[in-house]
Protein chains: 2
Amino acid sequence: MSAQNDQRRHAEELALMLSDFGMQRMSARVMAAFLFTEKPSLTLGELAEELDVSQGSVSGALKTLHHVGMLERVPVPGSRRDHHRLRRDAWERLYSRQNEVVRKMMAAAEAGIAATGEDSLARGRLQEMYDFYDFMFDELPLLFDRWREKRDARD
Amino acid sequence: MSAQNDQRRHAEELALMLSDFGMQRMSARVMAAFLFTEKPSLTLGELAEELDVSQGSVSGALKTLHHVGMLERVPVPGSRRDHHRLRRDAWERLYSRQNEVVRKMMAAAEAGIAATGEDSLARGRLQEMYDFYDFMFDELPLLFDRWREKRDARD
DNA sequence: ACCTGTCTTCGGAAGTTTCTGAAGGGCGGC
DNA sequence: GCCGCCCTTCAGAAACTTCCGAAGACAGGT
């Protein structure tokens, strides 16, 4: 088996994993293609051919991945096609979406607390929930700061 | 509008949010019911009636939530029904599932690295991915430790 | 202003998930 | 050991998601 095929297999496996974790299947496959390609950037047409799917599907996936902040457009003078590549901090950005989740959980707990009586059982549970997400809300950004610091130091 | 209805509305909204974040709809509704109830524990039948869904659905949701570790069975002498309640550390456990995700991402990056040539572009990207998840893999458990410490100190 | 190549949008088909309702299994009390 | 209650499992229906392919929009070059 060629190294080429080997990598394609790894790419497909990784895509499957990402889709297990909630990413749409097509976005996951596109993501994996960006990770494993030897080209510095890819176009919609290249992706559609490589993955053997319609350009329409790739278009949707690209839109999503740009929206999440994992991809960036690369200017390529003389080419009419859009060139895309993985952002260096793609994974950090993917994980950062947790911040939004945490923020919403906090808000939901807060709303619940406001709607419950002084010493109801429900309030106690909602307070536990609030405290945990409040903690994460404070700490996750600090964690990312430390990561960036570490990475920058390494470079 | 009664406080009762108000809380039900909050519960349903929270359930909707949880399902946005990937939890199955039924599990999310059951979860929300546990959060907002004034009873110290709930049975399958109570849940099915409260949520107006089949017992079969509730059975599946309970199984999942126990599996994730968010619920615990409560012994109630003299009752033939199973009584369940939210674990105190339910949210921490829910979030902890990220550990597994992180571990798998690390493993996938590693596999990719092993399959790429010494200074291929792909290897560079996979190494970035690995480094990030490796960092998270080390740090998340420490973060949880600090949370538990803080919570215990508070009590 | 048109032509050409590229990208996006969208209706509908195919696939997947989720829920129900009914049947069956298990356990405690008698 | 049988009865009755409770829970789980499963097949099928319903709802939702995802993908394709065609049509149309857009932009650059001439």
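Heavy atoms only: backbone and side chains are in, while hydrogens, waters and symmetry mates are out. A, B, ... follow the sequence lines: proteins, then strands. Residue 1 opens every chain.
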Using atom CG of L47(A) as one end and atom C1' of dC19(D) as the other, report the distance to the nearest whole Å.
-> 16 Å
Would you mind reading off the bend of the helix from dA1(C)-dT30(D) to dC30(C)-dG1(D) from its two end axes, five pairs each, to 10 degrees?
-> 30°
Which atoms of nucleotides 5-7 of chain D (N or O only) lie under 3.5 Å from a protein N or O atom, and what are those distances?
residue : atom : partner : partner atom : Å
dC6(D)  : OP1  : R81(B)  : NE           : 3.1
dC7(D)  : OP1  : D82(B)  : N            : 2.9

Atom CG of L51(A) and atom P of dC19(D) are separated, to the nearest Å, by 11 Å
Contacts of N99(B) that satisfy side-chain contact (heavy atoms from CB on, under 4.5 Å) - sequence neighbours left out = S96(B), L140(B), F144(B)
Do NZ/NE/NH1/NH2 and the carboxylate oxygens of K150(B) and D131(A) come within less than 4.0 Å?
-> no
Please list, chain by chain and in numerical order, all residues satisfying ring-ring contact (aromatic ring centres under 6.0 Å, His included) with Y133(B), sequence neighbours excluded.
-> W91(A)
Atom pairs under 3.5 Å, N or O on each side, protein against nucleotides 12-18 of chain C: can you list them with distances?
residue : atom : partner : partner atom : Å
dT18(C) : OP2  : Q24(B)  : OE1          : 3.4

Sequence neighbours excluded, the answer for side chain to side chain donor-acceptor pair (under 3.5 Å) partners of Q98(A) is none
List for me each residue that meets side chain to side chain donor-acceptor pair (under 3.5 Å) alongside D145(B), sequence neighbours excluded, and say none if there are none.
-> R148(B)
Atom pair distance, as rounded to whole Å: CD in E49(B) and P in dT20(C) | 15 Å
Using a cut-off of strictly less than 4.0 Å, decide whether S54(B) has a side-chain nitrogen or oxygen near OP1 or OP2 of dG21(C).
-> no
Rounding to a whole Å, what distance do you find between R29(A):CZ and dT18(D):P?
-> 15 Å
side-chain contact (heavy atoms from CB on, under 4.5 Å) involving S59(B) - partner list, sequence neighbours excluded = L44(B)
E118(B): what forms a side-chain contact (heavy atoms from CB on, under 4.5 Å) with it, not counting sequence neighbours?
-> R123(B)
Could you give all pairs that pass the salt bridge (Lys or Arg N to Asp or Glu O under 4.0 Å) test and reach residues 31-50 of chain B, with sequence neighbours left out?
-> R8(B)-E50(B), K39(B)-E46(B)
Partners passing side-chain contact (heavy atoms from CB on, under 4.5 Å) against M26(A) (at least two apart in sequence or in another chain) = V53(A), S57(A), A61(A)
Give a yes/no on whether any side-chain N or O of K63(A) is located under 4.0 angstrom from OP1 or OP2 of dT9(C).
-> yes
Rounding to a whole Å, what distance do you find between E46(A):CD and dC7(C):C1'?
-> 14 Å
Could you check if a side-chain atom of R73(B) sits within less than 4.5 angstrom of a side-chain atom of H66(B), using non-hydrogen atoms only?
-> yes
Set of residues satisfying ring-ring contact (aromatic ring centres under 6.0 Å, His included) with respect to F36(B), sequence neighbours excluded = none
